[in-house]
Amino acid sequence: MRILVVEDEVKVGSFIRRALEEESYAVDLCADGPGGLELARDSHYDLIILDVMLPGMSGLQILETLRKEKLKTPVLIVTARAQLDQRVKGLDAGADDYLTKPFAIEELLARVRALLRRGTGEGMGLLQIEDLILNPATREVTRGGQRIELTSKEYALLEYFMRNAGRVLTRPVIAEHVWNLDFDTFTNVIDVYVNYLRNKIDRGRERKLIHTVRGSGYVLKGE
Amino acid sequence: MSLRVRLTLWYGTALASVLVVFGVILYGALAKALKEQADRSLEETAAVAERSLEEHRFGPFLLYEDLSQDFPELATLDKFFQIFGPTGQITIQSPNIKSREIPLSRTAFEAALAGQTTFESIRFSGEPPIRLISVPVRHGGTLVNIVRVGTSLQPLEETLHRLLIILLITVPLALLASLGGGWFLAGRALRPVEAITQAAERIAGGDLTQRLSVSMAQDEIGRLAGTFNAMIGRLEASFQQVRQFTSDASHELRTPLTVLKGETELALRRPRSADDYRLVLVSSLEEVDRMSRIVDELLFLSRADLGEIKMESRPVRLDHLFDDLKRQAEVLGHEQAVHIVIGLSEPVTIAGDDMRLRELLLNLLDNAIKYSPQGGRVEMSLVKQDSAARLSVADQGIGMSREEQTHIFDRFYRTDAARAHTKKGTGLGLAICKWIVDAHHGTIDVQSEPGKGSVFTVTLPLLASSD
């Protein structure tokens with residue numbers, strides 16, 4: 001999952017990025033308003049974390065602009081101003097959630113998970129396709145009751161597949177959302193990792209979940 | 001005792017005294033006037049009797065009828081007369097004296113012998129007093145008769161008595177009516193005071209938006225209400241200022257706290273290398289220092305706002321200060337290779353607080369260095385101009401726009417360029433400088449262009465005697 005963080009305080013942006021990356025998210029960090037707006041428009045993000053007090057343009061202005069342009073990406077507003085009217089303003093401007101500084105990292109991560117759930121239309125915490133179950137909170141993956149161990153990147157890839165189950169995902173898209181690459185580099189890292197996943201999830205089982213769509217990309221779905 | 005009661009009692013006492021004195025004077029004056037009138041009347045009748053005796057050649061065997069026939073005015077009902085012979089024996093008396101015996105008194109007789117008129121009052125028990133006049137009648141150098149006229153003072157007494165009754169009734173009534181009216185009027189006059197008290201109670205309860213309606217702006221109560229409103233207005237404004245300040249302050253502290261919390265929590269989420277921990281600790285220390293600075297500066301400003309900062313006023317040699325601070329600034333600027341020069345300097349003495357002036361200068365120099373480029377130059381200068389000292393600190397740093405110049409001395413204000421340049425500023429340094437300058441009765445202003453540097457100039461009045 002790819003997340004955009006727009007935050008002007010260097011240290012704050014930095015630890016948010018690190019925390020998200022440790023949870024296997026792909027993160028882009030921007031320290032000013034106009035730059036953040038441009039990035040949000042031009043690239044695809046699964047979630048935007050937006051600070052309100054930004055140089056050049058306020059977070060709320062950016063948010064309003066994005067919503068006017070019909071961008072549906074979930075947005076989490078982060079700010080030092082905690083008063084009621086500020087929170088209401090932020091939510092009314094189009095934010096999906098609101099965090100006040102200083103915040104606990106665990107809470108930030110939980111809210112991120114919640115917003116990502118919502119973004120893909122899920123109500124419950126668990127992601128499930130047939131007997132493959134992924135628990136985002138615990139990062140546990142099981143199939144048929146059996147625990148499956150995945151590396152960080154494998155997990156990130158699987159989560160992305162499961163959140164977009166049934167949709168054909170092209171390589172560039174996978175590269176953006178899981179590797180944070182703007183697909184200029186000629187690399188087959190995606191194929192390699194899809195293979196790894198297949199080995200761990202589909203090998204030795206009757207029903208395969210990860211399918212290749214020739215000419216397009218991959219899709220995860222039950223048969 | 002309430003003010004209303006007190007006012008009414010004082011007023012009542014004053015009025016009562018006035019009424020009593022007035023009553024006494026009125027009574028006395030009337031009594032005197034009536035008595036004099038009675039005496040004049042007696043004199044006139046006596047004169048008539050005297051004339052009538054003359055007419056009849058003072059014959060010893062005159063009868064009352066002889067006299068009264070010729071002088072009917074002697075036969076008045078309210079007076080009687082007696083004629084005495086030269087030895088004091090009664091010869092004629094008017095019939096209306098009836099059976100009473102009113103002999104000539106010794107005093108009157110002796111006075112008559114001496115040729116003098118006597119007035120007397122006599123009283124028979126159970127009857128109103130009688131006023132008498134005894135007039136000697138002389139003929140040919142000897143006393144021939146004594147004419148005596150008397151009149152009852154009963155009418156007079158009755159009149160005075162009636163007056164007394166009237167006074168005794170009306171004075172208390174008037175007093176009561178006035179007290180009642182006074183009580184009512186005092187209440188009305190004091191009503192605005194009651195309104196002010198109630199408004200004050202509401203304000204004491206926390207509502208500073210209350211104001212009094214000032215209807216009669218010209219009298220004492222009106223002025224009180226006006227002054228009260230002005231005072232509450234100032235209170236409200238200063239509360240507002242404090243509220244704003246506190247809100248700004250807590251906001252400024254949130255960012256370093258966010259960094260501390262976030263970085264620490266992140267570091268604790270899983271085992272890290274010693275180097276990673278070290279980096280986190282170094283960063284935390286930076287934030288702690290930053291918060292320390294904010295708190296120190298905030299404390300200074302809030303104490304300054306409350307008037308708790310005592311400023312000394314002693315002669316201070318600014319040129320000596322300059323030399324000291326140049327050395328300090330050189331240390332500060334070392335890391336960025338910023339060099340400090342003193343452009344102009346001359347002996348200048350002002351009246352002020354040495355410590356605060358050092359703070360002022362150090363703040364300006366610190367800013368100049370902070371926002372200077374690597375290897376930049378900071379120039380200090382000090383001159384005397386008219387009767388003022390002008391010192392300035394110029395840098396070649398990031399500068400600021402005209403718009404930003406108007407806000408630069410505001411609390412917590414940092415330009416975007418400043419924030420981008422370094423995290424170290426608190427936005428309070430120049431606010432503190434301004435406060436120190438104001439406390440020294442001086443002025444501070446800035447000239448700057450974005451990207452081209454800034455010049456901060458402080459003007460302070462010279463010490464009067466030095467020149």
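Order of the sequence lines sets the chain letters (A, B, ...), proteins ahead of strands, with each chain counted from 1. It should be emphasised that the depicted structure is a prediction, and the values quoted were computed from it without experimental measurement.
- The aromatic rings of B:Tyr413 and B:His407 are tilted relative to each other, their planes meeting at an angle between 30° and 60°.
- Residue A:Leu54 does not touch chain B at all, counting heavy-atom pairs closer than 4.5 Å.
- Pairing each heavy atom of B:Ile294 with each of B:Glu252, the nearest pair is CD1-O, 4.0 Å.
- Taking 4.5 Å as the limit, every side-chain heavy atom of A:Thr65 sits out of range of all side-chain heavy atoms of A:Leu71.
- Ionic pairing of A:Arg143 and A:Asp131 is present here: one or more N-O contacts between side-chain nitrogen and carboxylate oxygen are shorter than 4.0 angstrom.
- In terms of modelled atom types and a separation under 3.5 Å, the side chain of B:Gln336 and the main chain of B:Ile369 share a donor-acceptor contact.
- With respect to B:Glu265 and B:Arg269, no salt bridge is recorded, no charged nitrogen being found less than 4.0 Å from a carboxylate O.
- The minimum heavy-atom distance between B:Ser454 and B:Met400, with the atom names listed, is OG-CE, 3.9 Å.
- Scanning residues 89-103 of chain A against chain B with a 4.5 Å non-hydrogen threshold yields A:Lys101, A:Pro102, A:Phe103, sorted by number.
- When the heavy atoms of residues 20-40 of chain A are compared with those of chain B, the residues falling under 4.5 Å are A:Glu22, A:Glu23, listed by number.
- Annotation: maximal heavy-atom pairing with chain A below 4.5 Å, among B:Glu287, B:Glu286, B:Arg254, occurs at B:Arg254.
- When side chains are defined from C-beta on, A:Asp46 counts as touching A:Tyr160, because their heavy atoms get closer than 4.5 Å.
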Exercise. Passes salt bridge (Lys or Arg N to Asp or Glu O under 4.0 Å), B:Asp438 versus B:Lys434? Steps please.
Worked result: CA-CA 6 Å; B:Asp438 286 343; B:Lys434 181 163 198 313; 3.1 Å; yes
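- In this structure, B:Phe300 and B:Arg356 have side chains that are in contact, with non-hydrogen atoms separated by less than 4.5 Å.
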